[in-house]
Amino acid sequence: MNIEDIKKPENIVYRKPALLTDNIMHYCPGCSHGTVHKLIAEVIDEMGIQDKTIGISPVGCSVFAYNYIDIDWQEAAHGRAPALATATKRLCPDKYVFTYQGDGDLASIGTAEIIHACSRGENIVVIFINNGIYGMTGGQMAPTTLLGMKTSTTPYGRDAKLNGFPIKITEMLAELDGTAYITRQSVHTAPAARKAKNAIRKAFEYSSKGIGLSFVEIVATCNSGWKLSPVEANRWMEEHMFEKYPPGDIKDILK
Amino acid sequence: MAFKGIIEVDTQRCKGCSVCVANCPTGSIRLSSKVNGKGYNYAEMVGDGCIGCSNCAIVCPDSVITVYRAKVQ
Ligand SMILES: Cc1ncc(C[n+]2csc(CCOP(=O)(O)OP(=O)(O)O)c2C)c(N)n1
Ligand code: SF4
Ligand code: SF4
Ligand code: SF4
Ligand SMILES: [Mg+2]
C-alpha cells in the first residue's frame, strides 16, 4: 500500500475542526489554550449548535478567543465573564452560553462573579484554564500558583507565609448548591484530551437542562511563564500540578 | 485488523512545539531540520510506521495535522 492509496479524502480520520477559523493563533508554541479551543469547536460542531452558541472571552492570553472559534462572542471586562454570561443566558434562554476564563481572571479579580453565578445556578458553562500563572502579563503569581513555584513575582518560589496558599476554587464551587456538574481535566495527552472533550460536551448538554451551572477546569500549562519547553511543561504539570489539582469528576447531580 | 496511516502537516502554520512528537506511539513524527517561514522547525512524518491513530493531531494546539487511515488488505 503506498502513500497515494492512503491519502484519499475518504480516508481522512482527523482534520482541523470546521469551526476553527483560519486565523493563526497568537498563542506561544505548545500552549494549552489552542488545544482547548479545538475541543470546544469540535463539541459545538458535533452538537450542531454553531448558531445557538455565545462565548464570553476573558482578559488574559485567551482574550482573542473570538478570533478562533466561528460563533458569536462577547468580550468581558477582567473577571466579569460570568456576569455577562448571566445576562446573555437570561435574555436568550434558548442559546448555549459559555465563558472561557484563565485562573487570574476567574480565581483572582473575578472571584465574586464566579461564586455568585455558581450560587445562583445560572444555566451556563464555564471553561476554566488553570495554568497556575498570569500568562498574558508576564508570568506573575496567580491564586492557583503552587507553593514553591517560581513566577516573576515569586522569584524564590511561592511562600505560604508571604504569599498565602493556592486556592482549589473548583472544589469550593462544588460546595455551592447552584452547580450541577464540576470536573477537572487536562489536554496534555491524546487520551486526556479525548476525556476533556467528553466533559466539555456533557457540560454543554447539562447547560440546556435548566439544572444549574456546569464547570470544566482544565489543568493547563503556560510553558513561557513556567520557563520550560512545551513538552517539559506537560511533564512538570503531571508531576506537580496534578498533586494539588487531581483530574476527575468532582460533582454530577444527575449521577 | 491492521491500519496504515499518513499524516499531512500544514508546515507554514506549525510552531514546532513537539507536543505531537511526544504523543506518537509509533515514533512516526519528528521535527524537521528545515524551518518554515516563521523560523520554526516544523513537524514531519518519518518512516512508514504510522497507524493513523490521530494522537498527534488531537494534541496539536494549532490543529495543523490531517490524518489519513486505511485498512491494510
Ligand atoms: C482590571 C484589570 N486589572 C488587571 C489587568 C492586567 N491583566 C491582564 S491579563 C491578567 C491576568 C491573566 O491571567 P490568567 O487569567 O491566568 O490568564 P492566562 O493569560 O494565564 O491565560 C491581568 C492581571 C487588566 N487587564 N485589567
Ligand atoms: S504566555 Fe503562557 S498562557 Fe499565554 S500564550 Fe504563552 S504559553 Fe499560553
Ligand atoms: S503539535 Fe502541532 S504545532 Fe506542535 S510541532 Fe506538532 S504539528 Fe507542529
Ligand atoms: S497518527 Fe498516530 S501513529 Fe501516525 S504520526 Fe500521528 S500519533 Fe503517530
Ligand atoms: Mg493563567
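In what follows, every chain begins at residue 1, and chains take the letters A, B, ... in the order their sequences are listed.
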Looking only at non-hydrogen atoms, find the nearest pair between [X] and [Y] and report the distance.
{"X": "V59(B)", "Y": "A190(A)", "answer": "CG1-N, 3.3 Å"}
{"X": "L20(A)", "Y": "S63(B)", "answer": "CD1-OG, 3.5 Å"}
{"X": "V231(A)", "Y": "C17(B)", "answer": "CG2-O, 4.0 Å"}
{"X": "I58(B)", "Y": "T35(A)", "answer": "O-CG2, 3.7 Å"}

So for [X], is it side chain, backbone, both, or neither that comes closer than 4.5 Å to the heavy atoms of chain B?
{"X": "H33(A)", "value": "neither"}
{"X": "V13(A)", "value": "both"}
{"X": "N2(A)", "value": "neither"}
{"X": "P191(A)", "value": "neither"}
{"X": "K8(A)", "value": "backbone"}

Check whether [X] gets within reach of chain A through its side chain, its backbone, both or neither, counting any heavy atom under 4.5 Å.
{"X": "A57(B)", "result": "both"}
{"X": "N23(B)", "result": "side chain"}
{"X": "I6(B)", "result": "both"}
{"X": "C53(B)", "result": "backbone"}

Does some side-chain heavy atom of [Y] sit less than 4.5 Å from a side-chain heavy atom of [X]?
{"X": "M25(A)", "Y": "K15(B)", "answer": "yes"}
{"X": "I65(B)", "Y": "R15(A)", "answer": "no"}
{"X": "R69(B)", "Y": "N11(A)", "answer": "no"}
{"X": "Y40(B)", "Y": "P29(A)", "answer": "yes"}
{"X": "T66(B)", "Y": "I12(A)", "answer": "yes"}

So with a 6.0 Å cut-off around [atom1] of [X], is the heavy-atom count from everything else above 12?
{"X": "N198(A)", "atom1": "CG", "value": "yes"}
{"X": "K95(A)", "atom1": "NZ", "value": "yes"}
{"X": "E239(A)", "atom1": "CD", "value": "yes"}
{"X": "F3(B)", "atom1": "CZ", "value": "yes"}

> side chain to side chain contact (heavy atoms under 4.5 Å, CB included) between I7(B) and K7(A): does it pass, once the steps are laid out?
Replying inline: CA-CA 9 Å; I7(B) 59 160; K7(A) 211 168 176 176; over 6 Å; no
>> Go through it in stages, so that I can follow the logic: the residues are Q12(B) and I24(A), the test is side chain to side chain contact (heavy atoms under 4.5 Å, CB included), and I'd like the CA-CA distance, side-chain angles, deciding distance and then a yes or no.
In response: CA-CA 10 Å; Q12(B) 286 306 321; I24(A) 291 180; over 6 Å; no
> Measuring from K4(B):NZ to I3(A):CD1, what's the distance to the nearest 0.5 Å?
Replying inline: 7.5 Å
